[in-house]
Enquirer: 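Sending over a structure as C-alpha cells; questions will come in a sec.
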Protein chains: 2
Amino acid sequence: MPQLTNRQMKAQQTKQRILVTALSLFSQKGYDNVTVDEIVSTSGASKGAFYGHFNSKYEIFLEKFKEIDNFYIHIEEELKNISTAEEKIVQLALRQMDYLKEELGDELMRTLYINALTPDAHNFLADRNRSLYVIIEQILKEGQTSGELDPAFNSNEITLIISRCMRGTLFDSFIFTEKIDLDKEIEQMLRLIFSGLKMSHQ
Amino acid sequence: MPQLTNRQMKAQQTKQRILVTALSLFSQKGYDNVTVDEIVSTSGASKGAFYGHFNSKYEIFLEKFKEIDNFYIHIEEELKNISTAEEKIVQLALRQMDYLKEELGDELMRTLYINALTPDAHNFLADRNRSLYVIIEQILKEGQTSGELDPAFNSNEITLIISRCMRGTLFDSFIFTEKIDLDKEIEQMLRLIFSGLKMSHQ
DNA sequence: TTTTGAAATAGACTTTAGTCTATAAAAAGT
DNA sequence: ACTTTTTATAGACTAAAGTCTATTTCAAAA
C-alpha cells in the first residue's frame, strides 16, 4: 500500500464519513427517501465532496454490496457435506437469498436491479467473475464428473442460465404485488432445471 | 360507447396528439433523450394537459405496449402445425422476441423493465392475465395430456417459471455489455428446462 | 338566458440528481 | 523559503420529471 499524504488521509476520512452516513440513512428511511443533499449536510460534507468520491448516489450503495459478496467466502465450506450437485445448488441459492434479504432488504435489492438496468452504471450483477458464478460452475463440474449430471452440457453456459433464472425470480418478486415466497419459488425453479419437464423415458 | 360532449372530444384529441408526438419522438431520439417539455411543446399542449392525460412519461409508452400485445392474437394460429409442446414453446418465445425487438427496440424494452421495477407504476409485465401466460399454459397442458410432459407438474406454476426465466434472459441481455444472442440464449434455456440437467436414467 | 359547476389546460413552481466553477490548502518543485 | 501545481471541497447552477394553482371554457341547472 502506498504511503498516504495528510491530504489523502483526510479525503479518505471524508469519503468514509459520507459512506457511513449514507448507508445509515438508507437503512433508516429507505434509499428513495434519502436525498444527496441530506447525506451531504448530515455528514457535514458537500456536493463537491460527494461527487468527488462517488459517481452517483447509487454507487455509494454498491460499496455495501461489494462487502456483501464476502458471503461467498464461507459458503463453500458449508456446502462440503452435501452430496449431490442438485442439493448443493439449491442450498447455495437459498442461503444466498436469506443473506441478501437480511443484509439489504427488499428495497435496496430492487434498487440494485433498477440500477443494473441503467446503462453505463458500474454493474455488479453482470460481473462474470462474481464468486457466485465460480462456485456454481465448480459444483456443476463436480456433478458432471460424478455422473450425476449430463457431461454433454457446457458448465459455463449452464452457470449463466441458472444464475439468470435466479435473477428472473428476484425480478418477479419485485414486480408482482402479491408477495412471493422467494425460497419456495427459487427451489421449485432449480428442481425443474435439474429434472426437466419431459417424462423421463426409463 | 357513451356520447361524448364537444369538450371531451377535444380532450381526446389533445391526448391523441400528445401520444402520437411522444411515440414519434421516442422512436426518433430514444426515450431518455426526449423530455416531457419537448413532447408538450412539439405537440402544442402543456404540462397540465400532459399530466391530465397520463400519470407519467413512462405511462405514455405503456400505450404502445398494450397495442403490442396484439401479437398474441395471431400466434396461436401459427403454432398449430407444430407437434410437440417443447417446439411450440420455443417457437413462441423466439417469435415473441423478434416481434418485440422489431416493434420496441432495445432501449424501450429496457425502459419497460426499469419501470416495471419502480413501485406503484402500472405494471404490465406482472399482469397474470397476459395472453402470454394463457398461451403457454395451454401448450403445457396439451403436452401433459399427450404424454409428452410429466403430468405431475402444476401447469400454472410452470408457466410462471418459464416466463420468469424468459424475463431473466431479457434482463441479462440488458445488463451484460457483451451483446447477447437473445434467440440462442432463450432457446438454450428452454431446452434445458424441458430436458433437465440430470443424466436420464433410461 | 343567466348562473353555477366542472373539467381541461396553461404555465409557474418544486424537487432532486448531477455538473461546473471557484477557492483554499496542501504537496511538490526550485 | 517561495512559487507553482494539484487536489479536495464548497456551493451555485442546470436539467428534467412531476405538482399545484389559476384560468378558461364548456355543459348543465335554474
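All chains are named by letter (A, B, ...) in the order of the sequence lines, taking the proteins before the strands, and each is independently numbered beginning at 1.
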Enquirer: May I ask you to check whether A:Tyr113 and A:Phe174 place their ring centers less than 6.0 Å from one another?
Expert: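 That pair passes the under 6.0 Å test.
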
Enquirer: Could you give the NZ-to-P distance, from A:Lys57 to C:dT19, as a whole number of Å?
Expert: 15 Å

Enquirer: If I take atom CD in residue B:Gln12 and atom P in nucleotide C:dA7, what distance separates them, rounded to the nearest angstrom?
Expert: 14 Å

Enquirer: Have a look at B:Val34 and say if it touches a base, only the backbone sugar-phosphate, or nothing, with a 4.0 Å heavy-atom cut-off.
Expert: sugar-phosphate

Enquirer: Starting at atom CG of B:Asp37, determine the distance to atom P of D:dA17, rounded to an integer number of angstrom.
Expert: 7 Å

Enquirer: Name all residues meeting the salt bridge (charged side-chain N to carboxylate O under 4.0 Å, His left out) criterion together with A:Asp32; count only those two or more places apart in sequence or in a different chain, and write none if there are none.
Expert: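 In terms of salt bridge (charged side-chain N to carboxylate O under 4.0 Å, His left out), with neighbours along the sequence ignored, A:Asp32 is linked to no residue.
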
Enquirer: Let me confirm one number: the CG-CG distance from B:Asn33 to B:Leu25, rounded to the nearest 0.5 Å.
Expert: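 Output value for this atom pair is 11.0 Å.
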
Enquirer: Rounded to the Å, how far apart are A:Leu4 CG and D:dA8 C1'?
Expert: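 Taking CG of A:Leu4 and C1' of D:dA8, I get 14 Å after rounding.
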
Enquirer: From the options C:dT9, D:dT9, D:dA17, select the nucleotide whose nearest atom is closest to the side chain of B:Thr14.
Expert: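 Nucleotide nearest to B:Thr14's side chain: C:dT9.
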
Enquirer: Just how far, in rounded Å, is P of D:dC26 from CD of B:Gln13?
Expert: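 From B:Gln13 CD to D:dC26 P: 13 Å.
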
Enquirer: If you take all heavy atoms of A:Gly30 and A:Glu107, which pair is closest and at what distance?
Expert: CA-OE1, 3.2 Å

Enquirer: Could you work out, with side chain to side chain contact (heavy atoms under 4.5 Å, CB included) as the rule, every residue matching A:Ala49, not counting sequence neighbours?
Expert: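 For A:Ala49, the residues satisfying side chain to side chain contact (heavy atoms under 4.5 Å, CB included) (neighbours in sequence not counted) are A:Thr14, A:Ile18, A:Ala45, A:Ser46.
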
Enquirer: Give the residues of residues 17-33 of chain A touching DNA chain D, defined as any heavy atom closer than 4.0 Å, sorted by residue number.
Expert: none

Enquirer: Can you give one letter per nucleotide of nucleotides 20-30 of chain C, 5' to 3': B if a protein heavy atom sits under 4.0 Å from the base, S if only from the sugar-phosphate, - if neither?
Expert: -----BSS---

Enquirer: In whole angstrom, give the distance that lies between atom CD1 of B:Ile114 and atom P of D:dA17.
Expert: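 These atoms are roughly 14 Å apart.
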
Enquirer: Rounded to whole angstrom units, what separation is found between the CZ atom of B:Phe50 and the P atom of D:dT19?
Expert: 11 Å

Enquirer: So, taking the atom named CG in A:Leu23 and the one named CD1 in A:Ile60, what distance separates them when rounded to the nearest 0.5 Å?
Expert: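 These two atoms lie 6.5 Å from each other.
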
Enquirer: Which of these nucleotides, C:dG18, D:dG18, D:dT9, is closest to any side-chain atom of A:Ala49?
Expert: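 My answer, after comparing the listed nucleotides, is D:dT9.
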
Enquirer: For B:Ser46 and C:dA10, is the shortest distance between a side-chain N/O and OP1 or OP2 below 4.0 Å?
Expert: yes

Enquirer: Enumerate donor-acceptor pairs with a distance under 3.5 Å from any side-chain N or O in residues 72-79 of chain B to protein atoms, sequence neighbours excluded.
Expert:
residue: B:Tyr72; atom: OH; partner: B:Gln96; partner atom: OE1; Å: 2.4
residue: B:Glu77; atom: OE1; partner: B:Lys80; partner atom: NZ; Å: 3.4
residue: B:Glu78; atom: OE1; partner: B:Arg95; partner atom: NH1; Å: 2.6

Enquirer: For residues 37-61 of chain B, pull every pair meeting salt bridge (Lys or Arg N to Asp or Glu O under 4.0 Å), keeping only residues two or more places apart or in separate chains.
Expert: B:Lys29-B:Glu38, B:Asp37-B:Lys47

Enquirer: CD1 of B:Ile175 to CZ of A:Arg167: how many Å apart, nearest 0.5 Å?
Expert: 5.0 Å

Enquirer: Would you kindly give the CD-to-P distance between B:Glu38 and D:dG18, to the nearest whole Å?
Expert: 16 Å

